[in-house]
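This structure is in structure tokens; I'll ask about it shortly.
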Amino acid sequence: MATTQVQENVLREEGRLPRTPEPGVVVIFGASGDLTRRKIVPALYDLAAQRRLPMEFAVVGISRTKMSHDEFRERLRKALEEQRPGQVSEEVWDSFSKGIFYLPGDSKDPATYEELKGFLKKLDDERGTEGNRAFYMASSPSLFPTIVERLGEAGMSREEDGHYSRIVIEKPFGRDLKSARELNNDIREHFREDQIYRIDHYLGKETVQNILALRFSNGIFEPIWNQHYVDHVQITVAEDIGVGTRGAFYEEAGALRDIVQNHMMQVLCLTAMEPPVAFDAESVREEKVKVLKAVRPIPRDEVKNVAVRGQYDRGWVFGKEVRGYREEDDVAPDSETETYVALKLYVDNWRWAGVPFYVRTGKRLPKKATEIAIQFHKTPHTPFSGNDTQGLEPNLLVIRIQPEEGVSLKIGAKVPGSGFEIRSVNMDLLYGTAFSKEVPDAYQRLLLDMLLGDPTLFIRADEAEGAWRILEPVMESWAQDGEVAHYPAGTWGPEEADKLLARDGREWRRP
Ligand SMILES: NC(=O)c1ccc[n+]([C@@H]2O[C@H](COP(=O)([O-])OP(=O)(O)OC[C@H]3O[C@@H](n4cnc5c(N)ncnc54)[C@H](OP(=O)(O)O)[C@@H]3O)[C@@H](O)[C@H]2O)c1
């Protein structure tokens, strides 16, 4: 039976239906750009399709390109259609796009903000958006401080009469510890920490959140999740693609800043943290910060022993010959930018003392795979003969974040037949088959949480700074000396990375 709006409201109030955000406006700075087109607006459209947005909702885009409201809407509609051909509902788009507006303007110009202020006031009157605003920074990071300052000067960061004013910030959160601190200080001149939502889209992924579900909703894992049982941990973010059209961006960033500082440090935190007292923003983020504080600082002269940087050369991926990094568009022919990083880290606390966390990421590796592998100790003794247990490996728990999202546990089992030959086999859980529900895109989840005022899955200032602090000596050392190691595209990284583990008598997994 179809529920009426009144029935729906009653169910929501009773907590039997998910909460809907309050009326409000999302203002996007960088509205003509890639992120708006590919991620932000499709996620908002999906929320509208699921009736998770209030009727009194609007999107206002700002960038310098001259466009009318209708031209902006048409551009977004086209991008959505390209992303999911034939699947855009006319009914949903018609109603959603009536709330989309565009203001051409330079983010540096105070006049843009005066115009925006007037326009938002008008929307409050006409669409009932009630003075609630979320400002999304989807333009170049160098503009963030200026936009924040202008918003502050125009009085738009103030929360008055119970209305919210939030700011959403995309990575990179600075380039190093110093610039991250400066950025945080600049923002905090106008916005309180609880108004700031720093997005790391990894935290919006279902399978990343599932690390917490696996650890803290099952009684069997937590007792063995420590140095008594775990030999070491490997965290891998492997990509088969190269830098593509993003050569100029990548030359500035490199794999350490682009992937390790944010996504991998977050995954490390979720894997290593203590159980939070509650699943709320402060409890979860407090535990993550404790992990970052416990990561053993790397002395500058030790960097070469615990960190490897690599760059892909020409090679073969999926049977196709591909260019080397230095041959990519907008990349210097003598570039030393790393497209591969491997690190060995320790989390110095009671739980993890002596357990290495090996972390690696790279482009142009043989396949796309993001996973956490928890390698347990060998059995202390086996009653079976050496011959029978040749095919037996220690237990291994793998949490696959993407693709083939799921969990597998490697266990020893008897090979059928006479004798007692034992071999390792996998027990597999595939999320795709366990739940028939479609997995929502990370941006959808994060935008909804932000509109609901829940910052649990967003990065706090001290988390961003804590991650930079760990990597600071590595960046300093690489900036001064040490050449980048090379690996052919389509292989698992430079030899130096294999040696990093071989020195400890271990080897990398092949996901
Ligand atoms: N794209 C992604 O998948 C992705 C993923 C993670 C994080 N991010 C981050 O998200 C942000 C946006 O990335 P993007 O890929 O969307 O960049 P982009 O395609 O280059 O878009 C930049 C936007 O900023 C606008 N802009 C530049 N200067 C301006 C000014 N002075 N005044 C007003 N608008 C200005 C541009 O529009 P006009 O030229 O029309 O002014 C354009 O709309 C960056 O911080 C990036 O690091 C992006």
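Everything numeric here is computed off the predicted structure, so don't read it as measured data. Start at 1 and go down the list; that is how both ligands and their atoms are numbered.
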_Close-range residues for ligand 1, whose non-hydrogen atoms fall below the 4.0 Å threshold_ =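 Its neighbours under 4.0 Å (heavy atoms only) are Gly30, Ala31, Ser32, Gly33, Asp34, Leu35, Arg38, Ser63, Arg64, Thr65, Gly105, Asp106, Ser107, Ala138, Ser139, Pro141, Leu143, Phe144, Glu170, Lys171, Pro172, given by chain and number.
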_Can you classify the ring geometry of Tyr325 versus Tyr250 as parallel (below 30°), tilted (30 to 60°) or perpendicular (above 60°)?_
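Because their plane-to-plane angle is over 60°, the rings of Tyr325 and Tyr250 count as perpendicular.
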*Arg246 to Phe249 six-membered ring, cation-pi geometry met (6.0 Å, 45°)*: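 Cation-pi check for Arg246 and Phe249: passes.
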*With under 30° as parallel and over 60° as perpendicular, where do the rings of His263 and Tyr202 fit, or are they tilted in between?*
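Answer is parallel, since the angle falls under 30°.
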*Which of parallel (below 30°), tilted (30 to 60°) and perpendicular (above 60°) describes Tyr102 and Phe72?*
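Tilted, since the angle between the ring planes falls between 30° and 60°.
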*Check the pair Arg326, Gln311 against side-chain hydrogen bond (donor to acceptor under 3.5 Å, both in side chains), reporting the backbone distance first and the verdict last.*
CA-CA 9 Å; Arg326 290 176 177 178; Gln311 188 187 77; 3.1 Å; yes
*asked:* Before we go on, tell me: are the rings of Tyr340 and Tyr487 under 6.0 Å apart, centre to centre?
replied: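 Yes, ring centres under 6.0 Å apart.
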